[in-house]
There are 2 protein chains.
Amino acid sequence: MTKHMPSKQQVAYHTLKQRILDGTYGPGYRIVIDRVAKELGVSAIPIREAIRRLEAEGFVEVERFSGAKVTRIDARMYEDCLSVLAVLEGYATAQAYRSLTDDDFQALRETNEAMRQARSDFDLTLYSRLNQQFHEIILRRCPNRYLVDEIHAVRERMDAMRVSVFNLIPHRASDSIAEHDKLIQLMAVDIGEEAVERFARQHRLATLEAFRRWNEQHHRMVAERKEWYRASREVHPPGTDS
Amino acid sequence: MTKHMPSKQQVAYHTLKQRILDGTYGPGYRIVIDRVAKELGVSAIPIREAIRRLEAEGFVEVERFSGAKVTRIDARMYEDCLSVLAVLEGYATAQAYRSLTDDDFQALRETNEAMRQARSDFDLTLYSRLNQQFHEIILRRCPNRYLVDEIHAVRERMDAMRVSVFNLIPHRASDSIAEHDKLIQLMAVDIGEEAVERFARQHRLATLEAFRRWNEQHHRMVAERKEWYRASREVHPPGTDS
DNA sequence: ACATAGGAAATCGTATACGATGGTGACATG
DNA sequence: CATGTCACCATCGTATACGATTTCCTATGT
């Protein structure tokens with residue numbers, strides 16, 4: 001009888017966080033306290049407290065008298081986060097790999113095979129989840145709990161950015177899977193902490209590089225479209241066609 | 001006229017955080033909402049929201065119907081945090097050092113000299129502050145804002161642990177200052193990101209090692225004292241002397 | 001003296017109430 | 001027609017009120 005029902009504040013917190021993570025509340029979405037309160041059948045107080053926690057975790061930005069908006073993220077911030085993730089996860093992998101059991105190695109190989117399959121099937125969601133799972137298997141053996149928590153926090157924030165899907169830039173997926181194989185091998189032959197860390201970090205940074213290239217191209221496309229649009233306006237001035 | 005007075009919640013947040021950081025509320029201290037509310041002349045609501053933020057940042061732990069207590073920290077957690085700090089700051093230093101100006105180098109040298117002086121004067125507080133300042137000079141040039149924010153967050157949490165004073169384990173201070181000199185030199189000759197990162201990380205990890213040794217010895221002393229106390233009780237059973 | 005049950009006081013969690021503020025649209029004015 | 005102003009409304013921030021739960025003290029029995 002020592003356990004409690006979850007408090008309304010906790011419910012509100014998990015509900016809101018869930019919605020941010022799954023995209024129901026996309027970047028920039030304004031969370032209106034009263035609306036959420038009515039929806040959950042509680043008063044505004046628990047909602048407000050939940051929002052404060054989300055604020056501290058960086059999921060929303062609160063401006064006084066203006067309300068809470070889901071954090072909008074730009075490419076720059078995304079890259080910064082990904083770098084930090086690369087560094088932390090690289091270190092964590094190095095700290096953890098010597099504690100991996102045979103079962104762990106088996107699980108890593110199986111997960112990576114499943115990723116290969118998911119890639120063939122173009123199942124982005126499954127691929128993403130498996131990718132997370134792969135690194136989670138290693139992280140579970142990391143003795144530094146604080147480090148692991150930090151990594152999870154960074155990952156969650158990046159999930160909220162909804163750019164993560166672009167983990168799956170076409171050929172990056174193949175490279176990534178191959179790198180997983182290599183990583184497994186390096187760890188299996190106990191190649192040393194430094195080499196493992198360097199490789200694990202590089203694995204993430206490669207995704208970052210791929211993102212950079214994709215982003216640049218994306219911007220060029222947008223610019224071209226704007227250019228095209230501007231040109232077309234000179235032929236058809238606004239308001240002439242309706 | 002677009003600016004606001006700080007909200008009461010903000011005031012509460014900064015006040016509480018300040019008190020945790022400066023030790024007014026030591027680890028384990030129970031923060032009673034009503035008391036703080038009366039003291040600040042506000043209602044409980046802003047206090048509660050402030051506490052939620054502190055909770056999310058890890059400064060306090062909240063148990064339902066029991067209240068918020070300043071996070072108690074054990075040696076293990078301290079070591080974990082320090083490791084993460086070492087890794088992040090090492091990377092940040094490597095990313096930043098090529099942007100250091102001549103003025104920055106000058107400031108680094110001066111700060112380190114001031115540390116030498118503070119060490120001679122046994123001015124722990126000043127030494128600590130200068131040490132922070134030294135690394136801050138470098139951090140200012142780090143292009144990865146998210147990384148810098150994370151480092152600051154980790155540092156603040158470690159400050160709250162009130163163990164940081166042990167930065168100043170006797171001979172560790174000398175070594176630390178010498179390492180700063182070496183770091184300056186490595187950066188000045190542009191020895192490369194990898195070497196800078198490795199050295200900067202090692203610099204922090206050395207403090208961690210010093211802490212480990214100190215902690216072990218400390219525990220041994222406590223154990224001895226207990227042993228001594230137990231032995232003395234056999235001669236003077238409790239309650240005989242009053 | 002010690003353990004235990006019971007209850008009062010302290011404290012927490014949440015609802016309701018209301019002033020404060022910012023955005024929006026109607027309306028007036030050039 | 002453009003622009004500025006003013007009043008209204010949605011929403012935020014905070015105070016007060018009150019039931020829920022823990023904590024602590026006390027009285028009681030062994």
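Chain letters run A, B, ... following the sequence lines, proteins first, then strands; residues in each count from 1. Worth knowing before you read on, the calculation uses all heavy atoms, side chains too, and leaves out hydrogens, waters and symmetry mates.
For the OP1/OP2 pair of D:dA20 and a distance below 4.0 Å, the side-chain nitrogens and oxygens of A:H4 include no atom meeting the criterion.
Of the possible donor and acceptor atoms, one in the side chain of A:D104 sits under 3.5 Å from a partner among the backbone N and O of A:T101. Put simply, the side chain of B:D123 never gets that close to the backbone of B:A118: no donor and acceptor are under 3.5 Å apart. Formation of a donor-acceptor pair under 3.5 Å by the B:R30 side chain with backbone atoms of B:S66 is found in this model.
Between B:E79 and B:R76, none of the side-chain N atoms (NZ, or NE/NH1/NH2) sits under 4.0 Å from a carboxylate O, so this pair counts as no salt bridge. A salt bridge is defined here as a Lys NZ or Arg NE, NH1 or NH2 lying under 4.0 Å from an Asp or Glu carboxylate O, and B:E216 with B:R213 fails to meet this definition.
The nearest whole Å value for the distance from the CE atom in A:M5 to the P atom in D:dG19 is 19 Å. Regarding A:K38, its NZ atom lies at a distance of 12 Å from the P atom of D:dC12, rounded to whole Å. The separation between B:E55 atom CD and C:dC12 atom C1' is 14 Å, rounded to whole Å.
Residues B:R48 and A:Q9 fail the side-chain proximity criterion, which asks for heavy atoms closer than 4.5 Å.
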TODO: Any chance you could list the contact pattern along nucleotides 13-18 of chain D? Use B for base contacts, S for sugar-phosphate-only contacts and - for none, protein heavy atoms under 4.0 Å, 5' to 3'.
DONE: BBBB--
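Within the 4.0 angstrom heavy-atom criterion, no nucleotide atom of any strand lies near A:I51. Residue-level contact check: A:I31 touches the backbone only, with heavy atoms under 4.0 Å from sugar-phosphate atoms and none from bases.
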